[in-house]
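What follows is a single structure, written as structure tokens, with notes after it.
To find a chain, count down the sequence lines: A is the first, B the second, and so on, and within it residues start at 1.
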Amino acid sequence: MTKTTIPEEEFTYPGSTGCPGCGANLVMRYLLKGLGDRTVLSIPACCWAVMPGYWPSNCLKVPILYTAFEATGAGISGLRAAYDAKGVKDVTVVGFAGDGGTVDIGLQALSGAAERQTDAIYVMYDNEAYMNTGIQRSGATPWGAWTTTTPGGATKNYKHEPKKDIMAIMQAHGIPYAATVSVAHPEDFVKKAQKAKSLKGLRFIHALSPCPPGWRMSPQLTVEVARLAVDTHLFPLYEIDDGRLRITRKGKGTPVKEYLKIQGRFSHLDESQVDSIQKTVDERWAKLLKRESEGA
Amino acid sequence: MTKSYEEIPLTPISDSPSTMNMTGLWRAFRPVVDISRCKKCTLCWKFCPDGAITLVDGVPVIDLKYCKGCGICAQECSAECIVMVPEGAE
């Protein structure tokens, strides 16, 4: 037997209807490897609402409760209350929603669940737009990105607003655990999922989930682009355990240009715009390092 | 004939594994592994989004019934022993 670096047991079946090279498929695969089979998922309208397969098929070995787009937070609250009423203690309740269903449409239900300290894990797989419905911009779409609702052209109508900082929003709720994970670092991902499982209260996991059709890139680059996001410090890997921030992967400090140039959605950016993205990334990274060294 | 409400399931439930979906039919490029050069690093298995790769003694076995041909395995392979060939080619 060859030793593998992540648990070998699979909780997904092949045959999901995700696109070739889908990052969200990897997010689910690693998450369940960390959490195990005593897990129940609440999934709203998002890519993962269609990815388990056509009825009557399901690519997961754990149960799923589908909810409306805005109701993931309510779904996990209800599931938890039901398990508590039945006296079931060993089940991990997980909300699994996309970026639109988290930072835009699902924010109020999530905020309520966090405020009540619902005992559940909330995973946001962030593909940075409403990919399932045809790549419309969301609050999590980064500045300067092309989407079908920010189509550019002669008017240069690309996204003009920065990405919503969901990690800061969640920390403001005083939750016990929040972490960022990447599909390029599965060992780190599984470790954080296991840690989240061992804690109580609302735990939040932010996963960057590359989307080949939406990010306008070849499907074989999914893991490479996720790796570059970490190495360029654009998507740093860290965890906030009881208020204390710890960076779990420093990254190489590769220029952010390397991350942008393999994605068609950024192909229109000129040099000064790339420089301004680099500047923002550097500032955010410096702030993160400062916060880690201050132990807060 | 109309069914009584007692015969209708309360909610539609998916109860079959997705192995009934032959997603390998989507494929435009097929991964071909040169087993003799495999270093058993298991990276291809680790990064396959579809769980279409199983390990036999550390060497990948790709299930072409489900492989969608995304090419992540070929891109990530540390020994560069996986190549993507167009479907229909030898």
**Request:** Inspect the surroundings of CZ in A/Arg249 and state if more than 12 heavy atoms from other residues, nucleotides or ligands are less than 6.0 Å away.
**Result:** no

**Fill in**
Ranking A/Cys59, A/Gly53, A/Pro52 by heavy-atom pairs under 4.5 Å to chain B gives rank one to A/Cys59

**Request:** Take atom NZ of A/Lys191 as the centre, draw a 6.0 Å sphere, and report whether it contains more than 12 heavy atoms from other residues, nucleotides or ligands.
**Result:** no

**Message:** Less than 4.5 Å to any heavy atom of chain B: does that hold for the side chain of A/Ala24, its backbone, both, or neither?
**Reply:** neither

**Complete:** Assert top hit (heavy-atom pairs under 4.5 Å, partner chain A, pool B/Gly71, B/Gly24, B/Pro49) equals B/Pro49

**Prompt:** For chain B, which residues from residues 219-233 of chain A lie under 4.5 Å away (heavy-atom distances)?
**Reply:** A/Pro219, A/Gln220, A/Leu221, A/Thr222, A/Val223, A/Glu224, A/Arg227

**Item:** Contacts of residues 41-48 of chain B with chain A (heavy atom under 4.5 Å)
**Value:** B/Thr42, B/Trp45, B/Lys46, B/Phe47, B/Cys48

**Request:** For the residue pair B/Pro17 and A/Lys61, establish whether any side-chain heavy-atom pair is separated by less than 4.5 Å.
**Result:** no

**Message:** For a quick test of reading the model, state the closest non-hydrogen atom pair linking B/Ser18 to A/Ser57 and the distance between them.
**Reply:** CA-CB, 3.8 Å

**Message:** For the CG atom of B/Asp50 and the CG atom of A/Asn25, what is their distance to the nearest 0.5 Å?
**Reply:** 5.0 Å

**Prompt:** Would B/Leu55 and A/Thr4 satisfy side chain to side chain contact (heavy atoms under 4.5 Å, CB included), going step by step from the backbone distance to the final call?
**Reply:** CA-CA 10 Å; B/Leu55 295 173; A/Thr4 51; 3.7 Å; yes

Atom pairs and distances, donor-acceptor, side-chain atoms in residues 64-72 of chain A, under 3.5 Å, two or more places apart:
unit_1  : atom_1 : unit_2  : atom_2 : d
A/Tyr66 : OH     : A/Ala49 : O      : 3.2

**Item:** Region of A/Lys33 that comes under 4.5 Å of a non-hydrogen atom in chain B
**Value:** side chain

**Message:** Check this for me: A/Glu258, atom CD, are more than 12 non-hydrogen atoms of other residues, nucleotides or ligands nearer than 6.0 Å?
**Reply:** yes

**Prompt:** Based on non-hydrogen pairs under 4.5 Å, which of A/Gly23, A/Pro20, A/Ser218, A/Cys22 is most in contact with chain B?
**Reply:** A/Pro20

**Complete:** Okay, A/Val27 and chain B: the region with an atom under 4.5 Å from a heavy atom over there is neither

**Message:** For A/Lys250, I'd like to know if atom NZ has over 12 heavy atoms of other residues, nucleotides or ligands within 6.0 Å.
**Reply:** yes

**Prompt:** So which bits of residues 10-18 of chain A come within less than 4.5 Å of chain B, counting non-hydrogen atoms only?
**Reply:** A/Glu10, A/Tyr13, A/Pro14, A/Gly15, A/Ser16, A/Thr17, A/Gly18

